[in-house]
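Remarks on the structure that follows.
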Number of protein chains: 2
Amino acid sequence: MADSKIRNMEQFAAISGISRPTISKYFNDPDSVRSSTRERIEAAIEKHDYRPNIYAMNQNRKLTKNVGIVLPFLADPFFTEIARSIEQHCIDAGYRPTLFSSHGDPRLETEILDTLASMKPAGVLLAPLGRASDKSAIEKFCKQVPTLIFDSSVDELGIAFVGSDNFQFTELITDYLCRTGEPPCFFEMKTPANPNAHRRRASYLNAMEKFGYEPQVVSVPGEGWDFEAIGMQGGRAALADGRFKTNTVLCSNDRLAIGMLAACYAEGLRVGRTKDDAIRVAGQDGHPFSSYTCPPLTTVAHDYQAVSQHAVETLFQAIEGSVSDWESTRFEGKLIMRQSA
Amino acid sequence: MADSKIRNMEQFAAISGISRPTISKYFNDPDSVRSSTRERIEAAIEKHDYRPNIYAMNQNRKLTKNVGIVLPFLADPFFTEIARSIEQHCIDAGYRPTLFSSHGDPRLETEILDTLASMKPAGVLLAPLGRASDKSAIEKFCKQVPTLIFDSSVDELGIAFVGSDNFQFTELITDYLCRTGEPPCFFEMKTPANPNAHRRRASYLNAMEKFGYEPQVVSVPGEGWDFEAIGMQGGRAALADGRFKTNTVLCSNDRLAIGMLAACYAEGLRVGRTKDDAIRVAGQDGHPFSSYTCPPLTTVAHDYQAVSQHAVETLFQAIEGSVSDWESTRFEGKLIMRQSA
DNA sequence: ATCAAAACTTACCGCGCGTAAAGATTTTAT
DNA sequence: ATAAAATCTTTACGCGCGGTAAGTTTTGAT
């Protein structure tokens with residue numbers, strides 16, 4: 001019945017028998033009003049289906065309830081999985097998440113940061129492109145907006161970094177591969193997108209030395225974020241040239257490994273860990289699709305839940321008060337043994 | 001030098017020597033001012049790095065330059081690929097896209113629609129969840145905001161529907177499979193997420209009858225959007241029970257096919273189209289990962305570019321004037337022959 | 001019942017911009 | 001050159017809400 005006549009908070013206040021400042025206070029923080037008033041307001045909201053104008057709300061507020069989430073590349077279920085988890089945590093904390101993707105383009109990343117700055121967000125969760133990022137733009141942005149960097153670190157920018165312990169990842173799986181067969185060759189992109197790849201290579205070299213094996217790094221060319229294609233093309237070439245000195249290939253990440261599996265298939269090599277198999281292939285990330293490759297991919301899985309939860313918690317702690325020093329948190333990965341290695 | 005002193009349009013107008021209403025007019029539509037003034041304004045923008053407050057802008061505008069993009073499920077490169085393309089088209093047209101994902105949850109979809117309604121967007125591109133969607137909520141939303149439905153149709157809601165011609169998809173690949181080997185069995189979810197699946201089944205039945213073969217539909221149980229898992233589990237069970245009466249399986253979509261390939265691998269069946277292979281598997285969608293399965297997946301690819309471009313164009317035509325009748329546009333798919341079938 | 005604290009109301013101003021109307025200025029056409 | 005048209009400036013008001021200061025009412029403890 002009575003509905004769309006309410007055009008602003010004043011009218012809503014009048015019709016619900018409560019003063020406008022109190023209504024305003026309620027929308028800022030429902031717990032700041034007496035429970036009896038809260039119930040009356042909520043009943044009126046229910047009845048008249050009123051929502052305050054978000055633009056008018058955000059105009060004068062120094063800080064909005066917006067939270068920006070910036071991903072480097074959307075067409076990768078690894079990131080979307082994290083995004084889903086982060087989004088949920090933000091909503092639970094009473095914030096309004098907005099998702100952006102740089103789609104692998106540094107100019108777009110800078111544009112997004114620009115847009116975001118004008119949105120006066122309470123905070124931003126940023127997974128940067130990495131190497132290609134305009135670092136000065138990110139640095140400038142971090143000075144304006146409380147920013148938590150995740151997945152891929154950029155100097156000591158923002159309020160904190162949350163990610164995975166890439167050293168541990170690679171050491172864990174290198175150890176596993178060495179114990180269960182021939183020591184692995186390391187398969188990677190020559191110019192990887194982000195610093196995680198460098199950490200993983202360094203960890204591989206370190207682990208191989210520790211275990212007393214000679215490291216073999218196979219770096220393949222390719223730019224951009226089309227990792228599967230790069231892994232497949234580079235993998236075929238490397239296989240054809242006999243650049244893998246052992247029968248075991250540890251890929252820098254799962255998407256590269258998926259490309260490598262396709263390369264093995266194309267070259268007629270049976271992948272697996274049995275006597276009949278020609279080659280073992282392992283990845284790193286615990287990519288959502290890694291369960292469905294043929295054969296299923298042995299990998300090290302991120303602790304998605306821990307990363308996303310800690311990222312959001314750290315951001316909100318910084319927003320809602322305590323200004324602590326910059327810190328870096330890296331979660332350990334879990335070895336997932338499947339048939340590929 | 002002179003920079004962050006400019007706090008509003010008034011000050012910017014003063015410092016750039018142009019009246020505020022003209023500045024305002026410029027930001028609404030740069031082409032609405034004389035080219036000489038435009039150049040002066042743009043020089044001043046460049047110099048002082050001024051951007052109008054988006055909240056104050058949008059508060060009074062009846063329509064904003066926002067465009068909402070709603071996806072049913074983000075962790076699927078099929079959708080993110082379309083999203084990327086649509087986003088770009090929106091930006092090119094001078095709009096500000098905002099991306100949302102329902103993450104397979106109908107309540108979240110309704111919430112997103114609620115949020116979107118309060119954003120006064122110029123228009124919305126909505127790919128609904130399908131069967132699970134709250135149709136009344138969508139219908140209500142479509143009355144408030146110019147909405148273009150894509151991918152999966154819901155009645156004749158919104159200003160138009162743009163998607164793919166599922167009948168053609170399935171007929172095309174069914175024909176191909178019949179011509180090149182045994183006629184296909186149709187592999188699908190018992191309770192599929194959206195109406196596209198029903199169209200594809202109907203098309204399969206129709207095509208099989210037309211070609212004079214007896215159709216064989218294998219429906220497997222499973223809820224939600226975890227298609228690969230459903231395909232793998234259902235596929236293994238169906239293979240074990242001998243429910244596929246021929247050596248050819250046409251999957252309702254590529255993600256199901258990826259699960260089916262994993263099932264074949266687990267059951268020790270070699271997939272392919274040569275004499276040595278035990279079974280042929282084909283998908284539908286042209287999923288970004290379908291090139292990298294083992295073996296690479298034969299499928300029918302959406303015309304991504306055409307769908308996204310036509311969707312955006314149709315929306316903007318409706319926004320910027322011409323109110324034409326509701327219409328449905330479905331683009332044909334292209335057969336992609338790979339090794340799996 | 002008494003009183004201070006907590007919660008609420010009234011009244012008013014400010015935010016940054018959209019928009020309209022009327023007059024002044026520039027551009028274009030004749 | 002001159003009139004008509006297009007564009008710009010000035011002035012003024014409104015949007016829907018945030019925020020504050022002063023009074024008033026309600027609450028809960030004594």
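Labels below follow one simple rule: chain letters A, B, ... track the order of the sequence lines, proteins then strands, and each chain is numbered from 1.
- Residues A:Gln309 and A:Glu313 have side chains that bring a donor and an acceptor to within less than 3.5 angstrom of each other.
- At the heavy-atom level, A:Pro52 lies under 4.0 Å from the strands shown only through sugar-phosphate atoms.
- Residue whose closest nucleotide on DNA chain D sits further toward the 5' end, between B:Asn60 and B:Ile23: B:Ile23.
- Out of D:dT9, C:dC17, D:dG16, the shortest distance to the side chain of B:Asn8 is found at C:dC17.
- One interatomic measurement links the two molecules: NZ of B:Lys65 to P of C:dC17, which rounds to 18 Å at whole-angstrom precision.
- Regarding A:Ile41, its CD1 atom lies at a distance of 13 Å from the P atom of C:dA7, rounded to whole Å.
- Donor-acceptor pairing under 3.5 Å is lacking for the side chains of A:Gln11 and A:Tyr50.
- Closest to the A:Met57 side chain, of the nucleotides D:dG18, D:dC8, C:dT10, is D:dG18.
- Proximity of a side-chain donor or acceptor of B:Asn196 to a complementary backbone N or O of B:Asp151 within less than 3.5 Å is detected.
- If you measure from atom CG of B:Asn53 to atom P of D:dC17, you get 16 Å, rounded to the nearest angstrom.
- Taking atom CE of residue B:Met9 and atom C1' of nucleotide C:dG18, one finds them 9 Å apart after rounding to whole Å.
- In this structure, CZ of B:Phe27 is placed 13 Å from C1' of C:dG16, rounded to the nearest angstrom.
- Out of C:dT10, C:dT19, D:dG16, the shortest distance to the side chain of A:Gln59 is found at D:dG16.
- Between A:Tyr50 and D:dC17, a side-chain N or O to OP1/OP2 separation shorter than 4.0 Å is present.
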Between protein and nucleotides 23-30 of chain D, what N or O pairs are separated by less than 3.5 Å?
none

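- Checked for salt-bridge contact, B:Asp134 and B:Arg107 miss the test: no charged N lies under 4.0 Å from a carboxylate O.
- Between the NZ atom of A:Lys25 and the C1' atom of C:dC8 there is a distance of 8 Å, rounded to whole Å.
- To the nearest 0.5 Å, atom OG of residue B:Ser328 and atom CD1 of residue B:Ile149 are 11.5 Å apart.
- Between the C1' atom of D:dG18 and the NZ atom of A:Lys120 lies a distance of 11 Å, rounded to the nearest Å.
- In terms of polar N and O atoms assigned as donor or acceptor, the side chain of A:Glu10 never comes within less than 3.5 Å of the base of D:dG16 in a complementary pairing.
- Atoms CG (B:Asp29) and P (C:dC17) sit 18 Å apart, rounded to a whole Å.
- Aromatic pair A:Tyr95/A:Phe316: ring centres closer than 6.0 Å.
- Base contact: B:Ser24 has a heavy atom under 4.0 Å from a base atom.
- Within the 4.0 Å cut-off from OP1 or OP2 of C:dA7, not a single side-chain nitrogen or oxygen of A:Thr37 is found.
- The listed nucleotides are D:dT9, C:dC17, D:dC17; the one nearest the side chain of B:Ser19 is D:dT9.
- With hydrogens and angles ignored, a donor-acceptor pair under 3.5 angstrom links the side chain of B:Arg20 to the base of C:dT19.
- In this structure, A:Arg84 contributes its side chain and B:His103 its backbone to no donor-acceptor pair below 3.5 Å.
- Below 30°, between 30° and 60°, or above 60°: for A:Tyr55 and B:Tyr55 the angle between ring planes is between 30° and 60°, a tilted geometry.
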